[in-house]
Structure formats: structure tokens, C-alpha cells
Chemist: 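Quick one: the structure is below, and I'll ask about it shortly.
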Amino acid sequence: MSHMIHRNLRQTPPVAVSAQGMLVRDSEGRTYIDACGGAAVSSLGHGHPDILSAMHRQIDRNAYAHTAFFTTDVAEELADRLTAGAPEGLTEVYLVSGGSEAMETAMKLARQYFVENGETQRTKFIARRQSYHGNTLGALAVGGNEWRRRHFAPLLIDVARVAPCYEYRDRLPDQTQDQYTSALLRELDEQIHAAGPHNIIAFVAEPVVGATGGAIPPTPGYFRGVRSLCDRYGILFIADEVMCGMGRTGTMYSIEQDGVSPDIITIAKGLGAGYQPIGAVLAQRALVEQLRKGSGAFQHGHTYIGHPVAAAAALAVQKVIERDDLLAAVRLRGESLRRMLLAEFGSHPNVGDIRGRGLLMALELVRDRDSKQPFDPARKLHASVKNKAMANGLMVYPMGGTIDGVHGDHILLAPPFIATDADLSEIVARLSDALAAALD
């Protein structure tokens with residue numbers, strides 16, 4: 001009997017004993033193609049020699065230094081590299097240990113900025129329904145994943161909500177794309193007025209919605225409109241790129257493709273590519289300068305922030321991505337994956353939408369393609385797809401509650417940047433078999 005508290009309390013998962021490239025092996029000798037990077041984490045695959053070597057070198061040099069006493073060369077170099085390629089003005093970096101921690105940091109930094117600016121009445125956040133921003137209480141409160149929030153709702157701060165940019169489901173038949181986008185921005189404007197612009201700290205959104213909605217990209221102009229509204233009312237814009245950032249969608253920062261610069265960006269997952277737990281917050285210089293000339297301290301901190309081995313791993317990941325031109329590879333392989341998915345599932349009666357950017361792609365499953373009617377949630381189709389895929393030696397990331405936290409199923413794919421067309425073809429073939437078995 002396992003003494004571990006596993007995610008599923010009724011079963012113990014397979015024991016992973018080794019991993020190399022895109023393959024993970026368990027203790028029973030079974031091999032799985034990692035087509036989702038765990039949770040869109042393993043962007044370089046497993047066992048990359050350059051990353052392992054960088055970690056070993058750092059462990060030999062200095063395995064831990066508490067940031068209340070020291071900084072390290074490797075953390076400083078990582079910060080330099082992250083800001084060098086960031087959207088305009090994002091010059092300040094705070095290293096953390098993961099995505100939820102990054103979101104908590106972003107929320108507290110945003111609040112303290114306004115406190116030190118004399119605007120202590122700003123206490124509210126606006127976010128979107130069917131979003132996910134982490135599992136700690138602050139991040140969970142901002143997130144709109146109803147299934148994850150349900151048990152803990154009494155503990156969460158109140159957050160104003162607007163609709164997600166979910167064109168497949170929410171754009172009306174008689175609306176043009178521009179009209180749909182304008183309607184979303186009007187709703188945000190109205191919500192800002194309802195909450196009182198002077199009371200709002202920030203608007204929070206994922207540039208490409210990850211696990212909760214399944215690789216949902218924004219419509220053209222949506223985030224330019226968001227940026228404009230935030231500027232008009234003096235509200236900060238926090239872009240949560242924990243899943244979609246660090247090259248996953250074809251640019252180092254996903255929001256680059258929308259032509260705007262947020263006030264704060266949160267990153268994690270692909271930052272360390274699974275080799276070490278690490279995340280980061282990037283902020284506009286003006287925010288940190290307000291604290292620097294005021295109290296002189298950011299009232300926040302965790303034991304393992306700026307961990308030198310984690311920083312070494314993340315720095316090595318960034319260097320490999322640049323050296324091997326992997327952003328171009330993501331764009332190229334992303335188009336290949338899209339073509340393969342369209343060829344295999346484009347006319348499938350139970351696949352309603354194929355969407356995403358780069359190597360963050362998803363299929364939304366429907367009972368009826370024409371009406372977009374979802375499957376009965378009691379069927380737990382997403383769980384069945386995952387089980388059938390695992391039995392077929394394939395790791396994918398399906399989720400339920402896609403539409404409203406209860407209804408809807410999707411399958412998320414996030415293969416590593418090193419995937420070849422042959423790898424992608426095998427992934428699509430095995431996924432097709434798994435879906436067929438789950439629907440049987």
C-alpha cells in the first residue's frame with residue numbers, strides 16, 4: 001500500500017523509472033510517448049544532456065543560497081536573458097518555484113504597487129470565466145475553473161468575472177469576428193465601471209487558455225483592446241503565461257503575437273522544462289521603481305526563490321532553445337501538427353473544434369458536431385480518452401468541464417519542441433485509436 005497521497009485516491013499510478021527524449025518508461029517495462037509534456041512542461045523532452053550537465057555543475061559549485069543573504073551569478077544571468085527577449089518595458093524579474101507561486105507573487109506585487117502609490121482603495125481583480133491561474137488560494141480565487149474552486153469558494157476573495165474569448169462556443173452566427181471581439185471588450189468596460197475603475201488592481205488573463213479551456217487562442221485585436229482599456233482606467237494587465245509561454249506557442253512570450261506589452265507576465269512550466277521546479281514574474285520597471293523609492297522592499301518571499309540549481313536548469317533550457325533555433329521548430333512543427341489533426345479529425349463526427357498555437361493544440365469533443373452539443377458529463381469521456389491513450393502507450397492531457405466547469409471535454413496536446421514530423425504522426429495515430437476506443 002502506498003503512503004503517498006496521489007491525485008486519484010483510489011488508485012496508484014504507474015511508477016516512472018526512466019525517461020529519455022519523448023519516451024517515459026514505467027516499472028512494468030511499458031513505454032509511453034509524452035505528447036503533453038506532463039502538463040505542457042517538458043518542452044525539451046527528458047534527459048537532455050546539456051540541461052543535466054548544467055545542473056551538475058551548479059550543484060558542485062553551490063546547491064543553495066537563501067535570497068535574504070545572497071544572490072547568485074546564475075540567477076542574475078537568467079534574469080538578464082529573460083528580460084532581453086521580453087515585451088517592451090518588462091525589465092524586472094522575481095524568481096519563484098512554480099506557476100501558482102508566480103501568480104501569488106504577481107497579485108501581491110500589483111497590490112503593493114498601488115498601496116505605495118497611495119491608492120489603497122484598489123483591492124479588486126477582474127478575470128475571465130473558464131480560466132486557470134493556479135491552486136493556491138489567491139491564484140485559485142482569480143481563476144475561473146469552477147471545478148477546482150468549488151470546495152474552497154468560502155475561502156476565496158471575490159473576483160469580478162467576464163466572458164472568456166471563446167470564439168468556437170460564444171460567437172453568434174450573425175456576428176463577424178470583429179463584432180464578437182468588440183462585444184467582449186464592451187463587457188470588460190462595463191465590468192470595470194460596475195466595480196469602479198478606482199477600485200481595480202488588475203485584469204488577469206491567459207494569452208492562450210491552457211488546461212481549463214483547451215488551447216483557446218484570442219481573436220485578433222482582443223488583447224490590444226484589453227491593453228487600451230487598462231491604460232484608460234489605470235488598471236494593470238497581468239498576462240498568465242505559465243502554460244502558454246516560454247516558446248510553447250512559437251514565440252518566447254505568447255503575448256508577443258498579440259502586439260501588446262503587459263504590466264506583469266507570469267511564467268513557469270517550460271521555463272525549467274521539468275528539470276527543476278521554477279517560475280518567474282516579469283514586471284514593468286515603473287512598478288518596481290515605485291517600491292524602490294517608497295518602502296524599499298517587496299513584502300513577499302519564499303524559502304526556495306532564486307534557487308541556483310533551478311536557475312541553472314532554466315538558463316540551460318533557454319540557451320538550448322536559442323542555439324537549436326527551437327522557436328522556429330515550434331512554429332514549423334505546430335503547423336505540421338495542425339495539418340495532421342485536421343486530416344485525421346477534421347471531419348470526425350465527435351470533434352467539434354481543432355485549435356491552438358504552435359505546439360499547444362487541442363481537440364474539443366462533442367456529441368453532435370452541428371449543434372456542438374457536449375457529451376453527458378457523467379460519461380467522463382475525457383478520463384476514458386486518457387486511460388485508453390495510456391493503454392496505447394500515449395500520454396495526453398484531457399480535461400472535462402470545458403464549457404462551464406461541468407459540461408464539455410477536450411484533449412490537450414503539448415509535445416516537446418524536439419518532436420519530428422514522424423513523432424507527431426505517431427501521436428496522432430495513437431490518439432485516433434484511443435479516441436475510437438473511448439467512444440466505442
Side-chain angles (χ1 to χ4, degrees), residues 67-68 71 79 82-83 86-96 100-128 131 133-134 136-144 155-162 185 187-205 223-241 255 260-267 279-302 305-306:
T67 55
T71 187
L82 291 175
T83 57
E88 184 179 0
L90 290 157
T91 62
E92 313 297 309
V93 176
Y94 191 96
L95 297 177
V96 294
S100 296
E101 198 175 306
M103 279 305 304
E104 294 284 336
T105 301
M107 293 170 67
K108 290 173 76 175
L109 176 60
R111 165 63 181 171
Q112 188 175 339
Y113 163 74
F114 282 117
V115 169
E116 301 219 7
N117 197 40
E119 298 180 74
T120 57
Q121 82 286 349
R122 290 188 185 262
T123 60
K124 297 183 180 296
F125 291 90
I126 298 180
R128 304 190 296 184
S131 58
H133 299 296
T136 49
L137 289 178
L140 192 63
V142 172
L155 308 180
L156 306 180
I157 61 172
D158 185 38
V159 172
R161 301 268 173 226
V162 293
L185 295 172
E187 182 192 13
L188 176 57
D189 196 355
E190 291 165 1
Q191 186 61 257
I192 290 170
H193 280 282
H198 59 287
N199 295 320
I200 301 166
I201 295 172
F203 174 70
V204 184
F223 279 113
R224 286 194 295 275
V226 165
R227 178 73 273 179
S228 178
L229 287 171
C230 289
D231 288 343
R232 184 186 308 169
Y233 298 115
I235 297 165
L236 302 181
F237 170 32
I238 300 175
D240 177 355
E241 297 208 4
I255 198 70
V260 301
S261 184
D263 298 288
I264 298 174
I265 294 180
T266 59
I267 55 177
V281 174
L282 282 80
Q284 291 281 339
R285 181 179 295 276
L287 272 66
V288 179
E289 281 300 315
Q290 184 67 49
L291 275 61
R292 189 172 283 124
K293 72 182 183 182
S295 66
F298 178 26
Q299 195 168 326
H300 180 66
H302 294 280
I305 62 175

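Source: prediction; values computed, not measured. Just the heavy atoms: all of them, side chains too, but no hydrogens, waters or symmetry mates, feed the values below.
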Chemist: Which heavy atom of V281 sits nearest a heavy atom of A102, and at what distance?
Modeler: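 Looking at all heavy atoms of both residues, the closest pair is CG2-O, 3.2 Å.
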
Chemist: State which residues pass side chain to side chain donor-acceptor pair (under 3.5 Å) with R224; sequence neighbours excluded, sorted by chain then number.
Modeler: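 Scan of R224 (side chain to side chain donor-acceptor pair (under 3.5 Å), adjacent residues dropped) gives none.
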
Chemist: Work out which heavy atom in R161 is nearest to a heavy atom in G143; give both atom names and the distance.
Modeler: NH2-O, 2.7 Å

Chemist: Give a yes or no answer on whether the side chain of N199 reaches the backbone of A195 with a donor-acceptor pair at less than 3.5 Å.
Modeler: yes

Chemist: Find the distance between CD1 (I235) and CD1 (I200) and round it off to the nearest 0.5 Å.
Modeler: 4.0 Å

Chemist: Quick check: closest heavy atoms across F203 and C230, and the distance to 0.1 Å?
Modeler: CB-SG, 4.1 Å

Chemist: With sequence neighbours left out, what residues match S131 under side chain to side chain donor-acceptor pair (under 3.5 Å)?
Modeler: none

Chemist: Could you give the distance from CG (L188) to CG (L229), rounded to the nearest 0.5 Å?
Modeler: 5.0 Å

Chemist: Decide if the gap between the ring center of F237 and the ring center of F223 is smaller than 6.0 angstrom.
Modeler: yes

Chemist: Under the salt bridge (charged side-chain N to carboxylate O under 4.0 Å, His left out) rule, what pairs show up with a residue in residues 112-125, not counting sequence neighbours?
Modeler: E119-R122

Chemist: Can you confirm whether P87 sits close enough to V260 that some side-chain heavy atom of one is under 4.5 Å from a side-chain heavy atom of the other?
Modeler: no

Chemist: When you check the side-chain N and O atoms of S261 and E88, is any donor under 3.5 Å from an acceptor?
Modeler: no

Chemist: With sequence neighbours excluded, tell me which residues meet side chain to side chain donor-acceptor pair (under 3.5 Å) with E289.
Modeler: R292

Chemist: Out of the candidates T266, V204, I238, L140, only one should pair with H133 under the side-chain contact (heavy atoms from CB on, under 4.5 Å) rule; please name it.
Modeler: V204

Chemist: Of the non-hydrogen atoms in A141 and V159, which two are nearest, and what is the gap between them?
Modeler: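 Smallest interatomic distance, heavy atoms only, reads O-CG2, 3.5 Å.
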
Chemist: Could you report the tightest heavy-atom contact between L90 and Q284, atom names first, then the distance?
Modeler: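 For L90 and Q284, the tightest heavy-atom pair comes out as CD2-N, 3.6 Å.
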
Chemist: Do I201 and F114 have side chains that get closer than 4.5 Å, going by heavy atoms?
Modeler: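 Heavy-atom side-chain distance check passes, below 4.5 Å.
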
Chemist: Does a sphere of radius 6.0 Å around CD in E187 hold more than 12 heavy atoms from other residues, nucleotides or ligands, not counting ones at 6.0 Å or beyond?
Modeler: yes

Chemist: Could you grab the distance from atom CZ of R111 to atom CZ of F125, nearest 0.5 Å is fine?
Modeler: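 Rounded to the nearest 0.5 Å, the CZ-CZ separation comes out at 9.0 Å.
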
Chemist: Is a donor on one side and an acceptor on the other found under 3.5 Å between the side chain of Q112 and the backbone of A297?
Modeler: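 A pair under 3.5 Å: yes.
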
Chemist: Ignoring hydrogens and geometry beyond distance, is a side-chain donor-acceptor pair present between Y233 and H198 at under 3.5 Å?
Modeler: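 The answer is no; no qualifying pair exists.
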
Chemist: Quick one: pull up CG in L185 and CD in E190 and give me the separation to the nearest 0.5 Å.
Modeler: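 With rounding to 0.5 Å, CG (L185) is 11.0 Å from CD (E190).
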
Chemist: Using side chain to side chain donor-acceptor pair (under 3.5 Å) as the criterion, list what pairs up with H300, not counting sequence neighbours.
Modeler: T105, K108

Chemist: Quick one: CE on M107 to CD1 on I264, what's the gap to the nearest 0.5 Å?
Modeler: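 Taking CE in M107 and CD1 in I264, the distance rounds to 10.5 Å.
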
Chemist: Supply the atom-to-atom distance D240 CG to I255 CD1, rounded to the nearest 0.5 angstrom.
Modeler: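 So the gap between those two atoms works out to 11.0 Å.
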
Chemist: Of all heavy-atom pairs between T83 and V93, which one has the smallest distance, and what is that distance?
Modeler: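 Taking every non-hydrogen atom into account, CG2-CG2, 3.3 Å.
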
Chemist: Does any part of the side chain of V288, heavy atoms only, come nearer than 4.5 Å to the side chain of Y113, both counted from C-beta?
Modeler: no

Chemist: List for me each residue that meets salt bridge (Lys or Arg N to Asp or Glu O under 4.0 Å) alongside R227, sequence neighbours excluded, and say none if there are none.
Modeler: D231, D263

